[in-house]
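Step one of this worksheet: look at the structure below.
To find a chain, count down the sequence lines: A is the first, B the second, and so on, and within it residues start at 1. Since this is a predicted model, take the numbers as computed values, not measurements.
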There are 2 protein chains.
Amino acid sequence: MLRLTKKADYGLMALKYLAEHPDSVSVSAKDIADTYGIPPQLLAKVLQRLTKVGLLRSHAGMNGGYELSRGAQTISAFEVIHAIDGPLFITSCTKGSKSCDLEPSCTIKEPLARVNDSIAGVLKSISIHDMADFDVSAGHGMESQPLVMLTRA
Amino acid sequence: MLRLTKKADYGLMALKYLAEHPDSVSVSAKDIADTYGIPPQLLAKVLQRLTKVGLLRSHAGMNGGYELSRGAQTISAFEVIHAIDGPLFITSCTKGSKSCDLEPSCTIKEPLARVNDSIAGVLKSISIHDMADFDVSAGHGMESQPLVMLTRA
DNA sequence: TGAACTGCGACAAAAATAGTCCTATACTGG
DNA sequence: CCAGTATAGGACTATTTTTGTCGCAGTTCA
Ligand code: FES
Ligand code: FES
């Protein structure tokens, strides 16, 4: 439950990869797909989507490929997920557009919308750069501190 | 994406309902299903699951039904969702048991596990009681403050 | 006893995801 | 200007997950 789609996963992996290889001017979808063993055509579509929303710049032709259109610090996980998996969130009904069938009786929508916002906040606070492993090398004793602290409002 | 299943929705609605009706000794699945217009048999199963994990107490026979086994303040949204939708989370692979096919190459697992924990934290910090609307009556000017504040660690 | 419940397991239907295929277009290098 | 490598994207199929149904067994109570 509450699972990211594989497409979103792929997208995040690709962006992370790009963030970690600033040297390469542009990397092809196939290259990334190969290194991670994911379906090239599927990844291609994901990258196309990310290009469309402006997170990536693409370049066709030989030695073509993709590159980040801005710094990895400025790209949040939220943006990526949003671009790939659509608007989003928690409740079965999308609060914006189409009302779900149990709209009138549903008592849970409003409280969950707030949970929703909190989760969106978490996702927004994490950038591709945060996820990238710039291998500060050496022993990484403890690397499992949460990225975000929570406090009741 | 990142959507709660309807079952989880139903479960939360039911618990919220029970929290708001402490007077009734026990309420049948059908009663709740009727008031919200959701499939009775499906809700029944959800409630059975919640009973199994100990969040509810059930009572068969006429005038039977369910009641909260503890105070609404002590039941977190996390518990409910976990009980209904299974262990959980974000990444396509469940970190515990079965490894996903791209386990060895996946570079994103560990960072997302932390996001995951943060989200779990949000869910854990919200109780059924928080979601229940005990109608403090009167004008409720602003009721849309987030339930949780976020601060970078 | 029988009506109104819960408790399950096995299905079936529907929807969302994942992945493939095919064609068009763009750029590069020679 | 041609061949090869890429992106762009629509249509389609396959797979998996979610949602919902059915039937039957056990319980409680009047
Ligand atoms: S789930 Fe749609 S209104 Fe509550
Ligand atoms: S998605 Fe499974 S290991 Fe990364």
| note | Comparing nearest nucleotides in DNA chain D, the 5'-proximal residue of the pair Pro39(B), Ala29(A) is Ala29(A)
| message | Quick one, Ile128(B) with Leu12(B), criterion side-chain contact (heavy atoms from CB on, under 4.5 Å). Give me CA distance, side-chain angles, the key distance, then yes/no. | response | CA-CA 8 Å; Ile128(B) 295 298; Leu12(B) 288 169; 4.1 Å; yes
| query | Counting side-chain heavy atoms from C-beta on, which of dA6(D), dC5(C), dA18(C) comes nearest to Ser28(B)? | reply | dC5(C)
| note | Interatomic distance, CD@Gln41(B) vs CG@Leu43(B), rounded to 0.5 Å, equals 11.0 Å
| note | Only residue of Leu4(A), Leu42(A), Leu15(A) satisfying side-chain contact (heavy atoms from CB on, under 4.5 Å) with Tyr10(A) is Leu42(A)
| query | What pairs of residues pass the salt bridge (Lys or Arg N to Asp or Glu O under 4.0 Å) test when at least one of them lies in residues 59-69 of chain A, not counting sequence neighbours? | reply | Arg57(A)-Glu67(A)
| Given atom NZ of Lys30(A) and atom C1' of dA6(D), what is their separation to the nearest angstrom? | 12 Å
| task | Could you tell me the separation between the CD1 atom of Ile84(A) and the P atom of dG19(C), rounded to a whole number of Å? | result | 14 Å
| request: Determine yes or no for a side-chain-to-main-chain donor-acceptor pair under 3.5 angstrom, with Ser76(B) supplying the side chain and Ser125(B) the backbone. | output: no
| task | Give me the residues of residues 57-66 of chain B where at least one heavy atom lies under 4.0 Å from an atom of DNA chain C, by number, or none. | result | Ser58(B), His59(B), Ala60(B), Gly61(B), Met62(B), Gly65(B), Tyr66(B)
| Spatial distance of atom CD1 (Ile126(B)) from atom CD1 (Ile75(B)) [nearest 0.5 Å] | 14.5 Å
| field | Distance in angstrom units between Ile38(B) CD1 and dT18(D) P, rounded | value | 18 Å
| said: Check whether Asp130(B) reaches the backbone of Ser127(B) with its side chain - one donor and one acceptor, N or O, closer than 3.5 Å. | reply: yes
Identify all pairs in which a protein N or O lies below 3.5 Å from an N or O of nucleotides 14-17 of chain D, and state each distance.
none

| field | Hydrophobic cluster identity match, Val25(B) and Leu55(B), side-chain contacts under 4.5 Å | value | no
| query | Ignoring hydrogens and geometry, is there a side-chain-to-backbone donor-acceptor pair from His21(B) to Tyr17(B) under 3.5 Å? | reply | yes
| field | Between P of dA6(D) and CD1 of Ile32(A), the distance in whole Å | value | 12 Å
| field | Separation of dT19(D) C1' from Leu4(B) CG (nearest whole Å) | value | 15 Å
| said: Could you tell me how far apart Lys7(B) (NZ) and dA16(C) (P) are, to the nearest whole angstrom? | reply: 16 Å
| request: Check whether any side-chain nitrogen or oxygen of Tyr10(B) sits under 4.0 Å from OP1 or OP2 of dT19(D), and answer yes or no. | output: no
| said: Test of understanding: with side chain to side chain donor-acceptor pair (under 3.5 Å), list the residues that count as partners of Lys30(B), not counting sequence neighbours. | reply: Asp34(B)
| field | For atom CG of Asp9(B) and atom P of dT18(D), their distance in whole Å | value | 13 Å
| said: Filter on salt bridge (Lys or Arg N to Asp or Glu O under 4.0 Å), then keep only pairs touching residues 37-54 of chain B, sequence neighbours left out; what's left? | reply: none
| note | Sorted by number, residues from residues 41-55 of chain B placing a heavy atom under 4.0 Å from DNA chain C are Lys45(B), Gln48(B), Thr51(B)
| query | Atom CG of Asp34(B) and atom C1' of dC5(C): how far apart are they, to the nearest Å? | reply | 14 Å
